[in-house]
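Below you'll find the structure, written out as structure tokens, and then a few comments.
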Amino acid sequence: MTAAYTLYAKPGFTATTIERLCSEARISNRAFYECFGGREELLQALHERCVEESLATVSKALQDAPNTLDGRIRAGIRAYIEFTTADWRRARIMHVEVRRSGDVLTLSRQRAVDAFARLIEDASSDFPRPAPLNRRLIALGVIGALQELLIEWLLSEDQPEIDELVAVAVHIFNRSLEPG
């Protein structure tokens, strides 16, 4: 898994063969297939681990946040961005390779987006609704915005600062979730 974490992040999933994974991990192909059905299954396991860890991190931050919409937004976004960017490989797997892998992670990605959307809906449910807009669709929209900000951080030659990413994401979330 450690070898895949690095290789799937760079050079990327499509460029990483089973042979390269096994060579990097110093295991035989047979040992690999005793653990995983293929490199797709390994990518899915890595992605799901990253998602589970980030959901736990954000959930904890939301529990500890001030009981205001702005407090929850700031705490959740900062926790997610800091956790994701703390290891470029995690950020790359979650936001770039998840898309480049084709259909391999479609279901896993949809489950992750759904889990984060529910987290946003739950965290904002105690506060006035952005009438007459659907809170779930708003959550999906802000998730998409956050994903694009992180892709910019990963791929840009002039990488934005983490505080700038947080400030922009907070602005987007606040505007999207404030009452009509």
Side-chain angles (χ1 to χ4, degrees), residues 1-63 75-123 136-137 139-156 159-160 162 165-166 169 172-173:
M1 296 252 323
T2 302
Y5 195 60
T6 299
L7 291 173
Y8 282 175
K10 196 168 193 169
F13 172 73
T14 57
T16 302
T17 63
I18 300 277
E19 291 73 22
R20 188 166 181 187
L21 277 168
C22 292
S23 174
E24 185 76 20
R26 297 183 182 152
I27 62 169
S28 67
N29 284 16
R30 180 180 174 167
F32 174 85
Y33 284 110
E34 288 174 358
C35 298
F36 298 100
R39 62 191 192 100
E40 296 83 1
E41 188 177 310
L42 176 56
L43 178 61
Q44 186 166 352
L46 281 173
H47 181 259
E48 288 174 1
R49 177 187 285 175
C50 291
V51 169
E52 288 170 14
E53 291 172 351
S54 60
L55 280 167
T57 299
V58 173
S59 293
K60 173 80 170 99
L62 291 172
Q63 288 173 359
I77 288 173
R78 180 162 294 283
Y80 184 76
I81 290 175
E82 286 179 351
F83 178 79
T84 303
T85 59
D87 188 330
W88 67 271
R89 298 171 301 174
R90 178 186 310 130
R92 187 133 181 133
I93 288 168
M94 290 180 70
H95 294 288
V96 175
E97 292 306 313
V98 70
R99 294 173 183 206
R100 288 185 177 166
S101 65
D103 293 338
V104 173
L105 289 180
T106 299
L107 187 57
S108 182
R109 181 180 177 279
Q110 283 309 114
R111 281 193 304 261
V113 168
D114 184 59
F116 280 105
R118 277 187 272 115
L119 196 62
I120 292 167
E121 288 176 89
D122 291 346
R136 176 165 176 73
L137 294 179
L140 292 172
V142 295
I143 288 168
L146 185 53
Q147 289 174 342
E148 290 303 319
L149 291 171
L150 287 163
I151 290 169
E152 176 67 15
W153 178 81
L154 279 163
L155 302 180
S156 175
Q159 218 173 34
I162 299 304
L165 287 177
V166 170
I172 292 167
F173 271 63

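We count residues from 1, following the sequence as given.
- The minimum heavy-atom distance between Leu55 and Ala115, with the atom names listed, is CD1-CB, 3.7 Å.
- Considering only heavy atoms from C-beta on, Leu42 comes within 4.5 Å of Tyr8 through its side chain.
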Working note: Ile81 + Leu146, criterion side chain to side chain contact (heavy atoms under 4.5 Å, CB included); need CA distance, chi angles, decisive distance, verdict. CA-CA 9 Å; Ile81 290 175; Leu146 185 53; 3.7 Å; yes

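- Contacts of Thr57 classified as side-chain contact (heavy atoms from CB on, under 4.5 Å), with partners at least two apart in sequence or in another chain: Ala79, Phe83.
- Looking at every heavy atom in both residues, Val96 comes nearest to Leu154 through CG2-CD1, 3.7 Å.
- Residue Phe36 holds its CZ atom at 7.0 Å from CG of Leu46, rounded to the nearest 0.5 Å.
- Minimum heavy-atom separation, Gly12 to Thr16: O-OG1, 2.6 Å.
- Annotation: salt bridge (charged side-chain N to carboxylate O under 4.0 Å, His left out) contacts involving residues 18-39, sequence neighbours excluded, comprise Arg30-Glu34.
- Taken to the nearest 0.5 Å, the CG atom of Leu105 stands 12.0 Å off from the CZ atom of Arg99.
- Here the OH-CD1 distance, from Tyr33 to Ile27, works out to 10.5 Å after rounding to the nearest 0.5 Å.
- Counting only N and O atoms by type, the side chains of Glu48 and Gln44 include a donor and acceptor under 3.5 Å apart.
- The CE atom of Met94 sits 8.5 Å away from atom CG of Leu150, with the distance rounded to the nearest 0.5 Å.
- The backbone N or O of Val51 sits less than 3.5 Å from a side-chain atom of Ser54, completing a donor-acceptor pair.
- Between Arg118 and Asp122 there is no salt bridge, since none of the side-chain N atoms of the basic residue sits less than 4.0 Å from a carboxylate O of the acidic one.
- When all heavy atoms of Ser101 and Leu43 are compared, the pair lying nearest together is CB-CD2, 3.6 Å.
- Using a 4.5 Å heavy-atom threshold, the side chains of Asp87 and Tyr5 count as touching.
- Between Thr84 and His95, the closest side-chain pair of non-hydrogen atoms falls below 4.5 Å.
- Atom CZ of Arg136 has more than 12 heavy atoms from other residues, nucleotides or ligands within 6.0 Å.
- In this structure the side chain of Asp114 never reaches within 4.5 angstrom of the side chain of Gln110, judged on heavy atoms.
- Contact between Phe32 and Ile18 at its shortest, heavy atoms only, is CE2-CD1, 3.2 Å.
- Rounded to the nearest 0.5 Å, atoms CZ (Arg49) and CE (Met1) are 3.5 Å apart.
- Ion pairing between a basic and an acidic side chain is recognised when a charged N comes within 4.0 Å of a carboxylate O; Glu97 and Arg100 show such pairing.
- Contact between Leu119 and Ser59 at its shortest, heavy atoms only, is CD1-OG, 3.5 Å.
- Put simply, the side chain of Leu155 reaches to within 4.5 Å of the side chain of Arg92, judged on heavy atoms.
- Atom CZ of Phe116 is separated from atom CD of Gln147 by 9.0 Å, given to the nearest 0.5 angstrom.
- Side-chain contact between Leu165 and Ile77: absent, with no pair of heavy atoms (C-beta onward) separated by less than 4.5 Å.
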